[in-house]
Amino acid sequence: MAEKIDRKQLKRPDEFQVVAGRAMGWMAAHQRLVLGLASAVVAVALTAWGVSAWRDSRESKASAELAEALELLSRPVAGDGQAQAGEQTFPSREEREKAVVSALEKVRSNHGSTAAGRTALAELGFHKLKSGDATAAQKDLEEFLARARKDHPLRPFAQEALGYAFEAQGKLDEARAAFEKLREMGVPARADYQAARLALVQGKPDAKQQLERVANEYPKDLAVVREANERLELASLPPYTPGEATPAPQPGAKAQAEKTPQGKKKR
């Protein structure tokens, strides 16, 4: 993915949490999990929640409703050119998002004590954070992390999203503590990357060294390496002044033609 980046981005939390459309490494993993939940409810129920949950009729109903809610994510938007003949579409992405959130709220309301209900809670946190409501996202994510099983597959994603929710509210100490808990969840690369990224955001002198160390220590974690290198690229750009436009370079021939001899005025 090639996108133009600029100095202003250093002051923003990362992409999925604030700017819709950019795919971070963990968001890409999350999206794969969402599609898995939507397309194979039985498999998720058996592997993540256990055979006993699937056999229970209440869990089964909740799982089915969660799958229906998540399926809306893959339904195309009219005019995108992705819809098949006769396939249901949404008039806009905003309408699709409203429908997804409404369906997830229903699952949480009707089946809050089930594994599916708790998963819906995490998904709501992700969606609210993406829409910019960091305070509401924090509440949902904290509740999910307090209630979900330790082996729930969304726990690391929710923990990282919680860090972004704090960061979006300007609570950097809380954000740092939330990101550090990723280490306990078996993803030390993410914990170290987030610590280095926050150091860069705060302008700490050793931030670049931290990012370089992250990229060198976790060469097999391609998402972390990519993000660390991107942040290093951002840090190497000249300071950004709000409202300052970058002048467009003039073609060499035109610039040469407009040169005048020293000491003479161009008529």
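Residue numbers run from 1 in the order of the sequence given.
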Would you say that [X] contacts [Y] through its side chain, given a criterion of any heavy-atom pair below 4.5 Å between the two side chains?
X: L172; Y: E167; answer: yes
X: E217; Y: V224; answer: no
X: K128; Y: K139; answer: no
X: V214; Y: V225; answer: no
X: D140; Y: E123; answer: no
X: F90; Y: L72; answer: yes

Rounded to the nearest 0.5 Å, how far apart are [atom1] of [X] and [atom2] of [Y]?
X: E65; Y: S60; atom1: CD; atom2: OG; value: 10.5 Å
X: D206; Y: L200; atom1: CG; atom2: CG; value: 10.5 Å
X: D133; Y: H127; atom1: CG; atom2: NE2; value: 13.5 Å
X: D173; Y: L198; atom1: CG; atom2: CG; value: 10.0 Å
X: R231; Y: E233; atom1: CZ; atom2: CD; value: 11.0 Å
X: F179; Y: D192; atom1: CZ; atom2: CG; value: 13.0 Å

Of all heavy-atom pairs between [X] and [Y], which one has the smallest distance, and what is that distance?
X: V107; Y: A120; answer: CG1-CB, 3.8 Å
X: P91; Y: E95; answer: CG-CG, 3.7 Å
X: A207; Y: A199; answer: CB-C, 3.6 Å
X: L129; Y: A161; answer: CD2-O, 3.3 Å
X: L121; Y: F144; answer: CD2-N, 3.4 Å
X: Q88; Y: R75; answer: O-CG, 3.0 Å

Going by an N to O cut-off under 4.0 Å, is there a salt bridge joining R93 and E97?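 Salt bridge absent between R93 and E97.
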
Any Lys/Arg nitrogen of K181 or E142 sitting under 4.0 Å from an Asp/Glu carboxylate oxygen of the other?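 Salt bridge between K181 and E142, a charged N being under 4.0 Å from a carboxylate O: no.
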
Without hydrogens or angle criteria, can the side chains of Q194 and R197 be said to hold a donor-acceptor pair below 3.5 Å? yes

Is it the case that Y193 and D221 place a side-chain donor and acceptor less than 3.5 Å from each other? no

Sidechain-backbone polar pair: [X] side chain, [Y] backbone, donor-acceptor under 3.5 Å:
X: S109; Y: E105; result: no
X: R118; Y: S113; result: yes
X: R149; Y: A115; result: no
X: R155; Y: L145; result: yes
X: Q169; Y: A165; result: yes

Decide side-chain contact (heavy atoms from CB on, under 4.5 Å) for L66 and L104; before the verdict, give the C-alpha distance in whole Å, the side-chain angles of both, and the deciding distance to 0.1 Å. CA-CA 7 Å; L66 175 62; L104 289 171; 3.9 Å; yes

Tell me which one of E184, E227, E180 satisfies salt bridge (Lys or Arg N to Asp or Glu O under 4.0 Å) with R190. E227

